Amino acid sequence: MASSFMGLYVQREALVAAQKSLDIVGNNISNMNTTGYSRQRVDVCSVANTGYNLMYNTSVSLAGQGVDTVGVAQYRDALIDDKVRNYTTLYNEYSVKDTVMSDVETALDNIESDEYGFAATLAEFKAALQSYSSDEADRDEIANVVFSTAESVVQQIQYMNSRLDDISAQVLTDTQLSIDSVNSILASMAETNKQLSNSYVQMGYIEMSALNYQVDNDYGSLELKDTMNTLIDQLSAYGNVEVTEESNGSYTISFAGQIVVYNDQYAQMAMTEENPDPLNMEFIITDAGTYDANNNRYTGLMTSEGWQRDQEKYGMTVDELVRYDAGSVNITSTNKLESGSLRALLDVYNGDGSYAEMNGGDNTFQGIEYYRDMLNAFTETFVNAFNSIYADYEATDEDGNTTVLQLFDCGDDFRTMAANVSVTETWRDNPSLLAQPEQFVNGVEDEGDELNNDYIHKCLAVFENSSLSYQGSSLKMSLEKYVAHISDTLGTQISSNSSILETTDIMLDSVLDARDEVMGVSLDEEGVNMINYQKWYNAIARMVTTLDEALDKVINGMGLVGLS
């Protein structure tokens, strides 16, 4: 037979459950705008102990013993979380590519525009040559105009190249900031793991297993779990992330195919060089090493104290320590760092498109260096086409050294031709050489040096030549067509990136909405829950009153018959 007071015990536990449910509703509403907060709930179950659980047991099941508050849990869906992180990785990759390549388009300043930009400058040079071939009024003045427009073409090429330099420098700075952010996130994850494990110990949710300690309860510090999930979301912006929840309540994190966080130990990453040249940026990260079962750690990972100790011991920064470690793993390849903003930064900085193999690179994304090399190819063809017209004119100095007449110079290094292109001092000193190349041979103008429009026409023919070849391309086209080709290629690429970014953004918004439906706080839903739990509380209170009246009758109102 149950105790007379068992009903009160049952209702006491029900009051506790109802009160805790109301508390959690209030907590949810209070945190509805807290970043990373997951909606919480009270888990309850029915109590129905059988006789064998008691010291003095009977064969009768003691059912109906009320409700038990099991714990406070949070609403999350691991599958949706994984989708959010995958789309976050893709979104950040194409967002970076879209931003940087749009900067490249700005740097080239609408290169094919006939009203302004490089195409207009090239057209001015052509128009000046046409005037030079037809105007007999003042040939010396027109020669100076031709030289000035040619110098404008050269300056425009140098300017576009320097703008690309600026973008590369900014990408390098952004990359270092991203690496610093990744390193900070990894350190925070390890610290959060440590706090999580300690919280389970403090709550008494840890039990000893054969080799280690493990959690024997699904409930723990929910706020710390939210913190860890927020950190994982942040890390997924930089690259592909995998997550495993361990038996001791901590999280093991893999980044770019490498274990980077285990318990309170973590890895760090760096660039292989502090200031890598374009085409040569690479990333390395601490190798986790082997698992040490006796100490429950990976031999290559360190705690925050370990990283601090080594920085002081060797007098190095974290980046220098990672570079100093011969065992650090290179994660530059796409089979390791598959996507994310770090992948995008690598691609836009190293990507040399069809020029990659020629220049000794291996990143075929059409990044900053691809368009620089298209500019280099244009410069090389432009310079060679005009210089070849005067290749037969040689001057010999007093020492017997022979020099060929050249209008332009860009050096012999293909990678720096746009940076080094210039109008030669020979032409600068005598602008009329364009139509009087004999002066270069004679050293001075004489009566036999006549204005020769044939050379001007040859210069104009360069613009009409549709069979000009360009390094790194099998296409043959005129100078103007190649300028348009650069613009069209860049425009097509930006359009493609923007389309992928837009699609990815839509998918990311979709899965974020799906996650919000699971873990987000709905004021309407919490309001309904509040009403339900309040009704539950009121009903229990009435039940307690009824039981109190019944017990009062038993105690104070029974057994009084016949007493004087």
Side-chain angles (χ1 to χ4, degrees), residues 5-49 63-84 192 195-196 199-200 202-205 215-233 245 249 509-551:
F5 292 93
M6 189 183 77
L8 289 175
Y9 294 146
V10 169
Q11 301 314 311
R12 181 192 66 181
E13 295 303 316
L15 282 172
V16 169
Q19 180 63 61
K20 179 55 66 176
S21 297
L22 283 170
D23 292 343
I24 295 302
V25 167
N27 188 57
N28 286 338
I29 295 173
S30 299
N31 287 281
M32 66 181 301
N33 292 321
T34 301
T35 302
Y37 178 79
S38 301
R39 183 163 59 102
Q40 298 177 1
R41 69 176 187 272
V42 177
D43 284 349
V44 296
C45 68
S46 174
V47 178
N49 291 330
Q65 295 191 55
V67 67
D68 184 23
T69 304
V70 181
V72 178
Q74 59 186 187
Y75 290 92
R76 291 201 77 99
D77 187 313
L79 180 60
I80 294 179
D81 283 342
D82 189 53
K83 287 183 177 180
V84 167
T192 304
Q195 294 174 7
L196 271 169
S199 70
Y200 280 110
Q202 294 167 4
M203 293 176 183
Y205 290 165
V215 175
D216 65 351
N217 195 297
D218 291 334
Y219 304 97
S221 178
L222 305 184
E223 287 71 23
L224 286 174
K225 288 185 175 183
D226 283 341
T227 299
M228 179 60 82
N229 279 298
T230 299
L231 290 170
I232 295 170
D233 289 347
E245 192 168 359
D509 286 343
S510 176
V511 293
L512 282 173
D513 289 343
R515 184 162 76 170
D516 283 343
E517 290 178 3
V518 175
M519 62 173 279
V521 177
S522 167
L523 193 58
D524 292 339
E525 187 174 353
E526 297 303 324
V528 171
N529 288 339
M530 186 184 298
I531 295 172
N532 288 335
Y533 296 144
Q534 184 62 49
K535 288 182 178 179
W536 181 19
Y537 191 94
N538 292 339
I540 296 165
R542 289 196 297 271
M543 184 66 181
V544 170
T545 300
T546 301
L547 288 172
D548 180 63
E549 291 174 354
L551 286 173

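The figures here come from the full heavy-atom set of this structure, side chains too, leaving out hydrogens, waters and symmetry mates. Given the structure is predicted, the values throughout are model-derived calculations rather than measurements.
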(Q) With rounding to the nearest 0.5 angstrom, report the CG to CD1 distance, L22 to I531. (A) 11.0 Å
**Q.** Counterpart residues, side-chain hydrogen bond (donor to acceptor under 3.5 Å, both in side chains), relative to Y533 (two or more places apart)
**A.** none
Q) Taking atom CD of E526 and atom CD1 of I29, what is their separation to the nearest 0.5 Å? A) 6.0 Å
(Q) Which heavy atom of V44 sits nearest to which heavy atom of A17, and what is that distance? (A) CG1-CB, 4.2 Å
Q | Counterpart residues, side-chain hydrogen bond (donor to acceptor under 3.5 Å, both in side chains), relative to S38 (two or more places apart) | A | R76, D226
Q: Applying salt bridge (Lys or Arg N to Asp or Glu O under 4.0 Å), name anything that partners E525, two or more places apart in sequence or on another chain.
A: R39
Q: Determine the minimum heavy-atom distance between I24 and V72, stating which atoms define it.
A: CD1-CG1, 3.8 Å
Q) Could you state the interatomic distance from OH (Y37) to OG1 (T230), rounded to the nearest 0.5 Å? A) 13.0 Å
Q | Heavy-atom check, side chain of L551 versus side chain of L8, under 4.5 Å | A | yes
Q) Going through the distances and angles, do R12 and L15 end up as a side-chain contact (heavy atoms from CB on, under 4.5 Å)? A) CA-CA 5 Å; R12 181 192 66 181; L15 282 172; 5.6 Å; no
Q: Can you run down the side chain to side chain donor-acceptor pair (under 3.5 Å) pairs that involve residues 15-24, sequence neighbours left out, and say none if there aren't any?
A: Q19-D23
Under 3.5 Å, which donor-acceptor pairs do the side chains of residues 510-517 form with other protein atoms, sequence neighbours left out?
from : atom 1 : to   : atom 2 : distance (Å)
R515 : NH1    : D81  : OD1    : 3.2
R515 : NH1    : D233 : OD2    : 3.3
R515 : NH2    : D233 : OD2    : 3.0

Q: Mind checking side chain to side chain contact (heavy atoms under 4.5 Å, CB included) for V528 and listing every partner two or more places apart, or none if nothing turns up?
A: N532
Q.
With a 3.5 Å distance limit and no angle check, can you tell me whether D68 reaches the backbone of V70 through a side-chain donor-acceptor pair?
A. no
(Q) Taking the side chain as everything from C-beta on, heavy atoms only, tell me whether Q195 gets closer than 4.5 Å to M228. (A) no
(Q) If the condition is side chain to side chain contact (heavy atoms under 4.5 Å, CB included), which residues does D548 pass it with, not counting sequence neighbours? (A) none
Enumerate donor-acceptor pairs with a distance under 3.5 Å from any side-chain N or O in residues 535-546 to protein atoms, sequence neighbours excluded.
from : atom 1 : to   : atom 2 : distance (Å)
N538 : OD1    : Q534 : NE2    : 3.1
N538 : ND2    : Q534 : O      : 3.3
T545 : OG1    : A541 : O      : 3.1
T546 : OG1    : R542 : O      : 3.0

(Q) Under a 3.5 Å threshold, yes or no: a donor from one side chain and an acceptor from the other, between Q40 and E223? (A) yes
Q.
Restricting to side-chain hydrogen bond (donor to acceptor under 3.5 Å, both in side chains), what partner residues turn up for T34, sequence neighbours left out?
A. N31
